[in-house]
Amino acid sequence: ADCRSVDIVRTPLDDIRDPIAFGRLMDEINKGEFDAALISPPCGTFSIALSHSLRGTTASEIYGLKGLSPEDTAKVKVGTLLAMRAHAIASLFTDLQLPWIVEQPEQVEGQPSLFLLPPWKVLLSHRDVTTCTLAQRQYGAEWQKRTTLKAYLVDLDALGGNAPHQVFKFRNGHPHD
C-alpha cells in the first residue's frame, strides 16, 4: 500500500491554510485518490503542555480566550483554521464511508481540546466513531505523550491504549517533577 504525506514540512504546496491547496486536496479525496486518512492537525493552541492556555472549554472560549496578545490571537486563528480543515477532511471521508483517524493530545476533562469545537463534537457523535487514549512511549517515542485517537470505521481496540501507564508532567513542553 502507498502512503502519501500531506504536510507543509514536506512541501509548501501542501499548506492547507491556502484555499487552493486545500481545494486541491479535497478534490483528490473526492476523486478516490485516498483510501483512508490519518489526520494530525497542529495541537499547539489546544495543548495542555503550553505554559499558558490560549483557549478555554466553553463554546466561546474554545475559539480563543479574551485578552490574548495579537501574536497569540493569530496563533489561535491559524490553529482553528487547521482544526476546521481537518474536520472538513474527516467529514468528507465519513460521507464517502472511508476510514479515518484523528490524533491529538490526550483529551482531559476541564482542558481545551480540538474535540470540543462544536463541529467536531457533532462529527464525533457518529455511532461508528471510536476513541482510544494511549501513551506514545509504548510505541517507541522518547516521551510518554498521552494521545487521544478518534477514529471512524477503525477498530482501535487492537492498540490496547488504555493500559496502565506512568504519568509524566510537562512544563513549557519539557518533562518535570
Side-chain angles (χ1 to χ4, degrees), residues 1-10 14 16 22 25-26 28-50 53-57 59 62-63 79-170 173 175:
D2 292 334
C3 178
R4 180 172 147 217
S5 173
V6 177
D7 193 323
I8 188 173
V9 173
R10 191 179 68 82
D14 284 343
I16 64 169
F22 180 65
L25 176 61
M26 295 297 277
E28 291 171 357
I29 295 167
N30 265 316
K31 290 177 184 172
E33 295 184 26
F34 294 89
D35 296 319
L38 173 58
I39 307 164
S40 186
C43 61
T45 64
F46 292 98
S47 177
I48 60 173
L50 291 175
S53 259
L54 302 179
R55 299 174 187 269
T57 58
I62 196 64
Y63 291 100
T80 301
L81 172 67
L82 292 171
M84 297 315 299
R85 296 273 164 98
H87 173 269
I89 293 165
S91 293
L92 180 54
F93 271 83
T94 302
D95 292 346
L96 297 170
Q97 296 184 358
L98 294 171
W100 53 261
I101 299 173
V102 63
E103 177 270 336
Q104 283 288 286
E106 179 178 21
Q107 187 174 7
V108 176
E109 184 73 31
Q111 297 292 332
S113 171
L114 170 142
F115 303 130
L116 295 176
L117 289 169
W120 272 104
K121 287 171 80 171
V122 171
L123 181 62
L124 297 174
S125 70
H126 191 288
R127 64 181 172 84
D128 292 321
V129 171
T130 57
T131 299
C132 175
T133 298
L134 54 88
Q136 289 188 17
R137 186 174 222 156
Q138 71 194 57
Y139 299 100
E142 185 176 351
W143 306 109
Q144 194 71 356
K145 192 178 179 201
R146 300 281 297 164
T147 300
T148 296
L149 304 176
K150 304 276 186 174
Y152 172 73
L153 299 180
V154 178
D155 179 9
L156 295 175
D157 289 339
L159 294 176
N162 295 316
H165 63 281
Q166 182 178 0
V167 175
F168 288 85
K169 295 181 180 179
F170 288 83

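In this structure T80 satisfies the side-chain hydrogen bond (donor to acceptor under 3.5 Å, both in side chains) test together with R55, sequence neighbours excluded. Applying the side chain to side chain contact (heavy atoms under 4.5 Å, CB included) rule to S5 yields the partners D7, R10; only residues at least two apart in sequence or on another chain are considered. Every residue meeting the side chain to side chain contact (heavy atoms under 4.5 Å, CB included) condition with L25, not counting sequence neighbours, appears here in chain and number order: V6, I16, E28, I29, F34, I89. Qualifying side chain to side chain contact (heavy atoms under 4.5 Å, CB included) partners for I8, counting only residues two or more places apart in sequence or in other chains: D15, R17. Applying the side chain to side chain contact (heavy atoms under 4.5 Å, CB included) test to P118 and every residue at least two apart in sequence or in another chain returns I62, Y63. For T130, the side-chain hydrogen bond (donor to acceptor under 3.5 Å, both in side chains) criterion is met by no residue, not counting sequence neighbours. Take R127 and apply the side-chain hydrogen bond (donor to acceptor under 3.5 Å, both in side chains) test, not counting sequence neighbours, and it matches no residue.
Taken from OG1 in T57 to CD in Q111, the straight-line distance is 8.5 Å, to the nearest 0.5 Å. Expressed to the nearest 0.5 Å, how far CG of L82 lies from CZ of F22 amounts to 10.0 Å.
Between the W100 side chain and the A90 main chain, a donor and an acceptor come within less than 3.5 Å of each other. With S47 contributing its side chain and G44 its backbone, the two residues share no donor-acceptor pair below 3.5 Å.
Contact detail for G56 and P112: the closest heavy-atom pair is O-CB, 3.7 Å. The heavy-atom pair separating Q104 from T147 by the smallest distance is O-CG2, 3.3 Å. Of all the heavy atoms in A83 and W120, the pair that sits closest is O-NE1, 3.0 Å.
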Side-chain donor-acceptor contacts of residues 149-156 below 3.5 Å, not counting sequence neighbours, with atom names and distances?
from: K150; atom 1: NZ; to: Q107; atom 2: OE1; distance (Å): 3.4
from: K150; atom 1: NZ; to: T131; atom 2: OG1; distance (Å): 3.2
from: D155; atom 1: OD1; to: D157; atom 2: N; distance (Å): 3.0

message: For R4 and D14: C-alpha separation, side-chain torsions, deciding distance, then whether side chain to side chain contact (heavy atoms under 4.5 Å, CB included) applies.
response: CA-CA 11 Å; R4 180 172 147 217; D14 284 343; 4.1 Å; yes
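Side-chain polar atoms of E106 and T133 form no donor-acceptor pair below 3.5 angstrom.
Taking the side chain as every heavy atom from C-beta outward, L123 and H87 approach each other to under 4.5 Å. P41 places none of its side-chain heavy atoms less than 4.5 Å from the side chain of R85.
Listed by first and then second residue, the side chain to side chain donor-acceptor pair (under 3.5 Å) pairs involving residues 30-41 are S40-E103 (not counting sequence neighbours).
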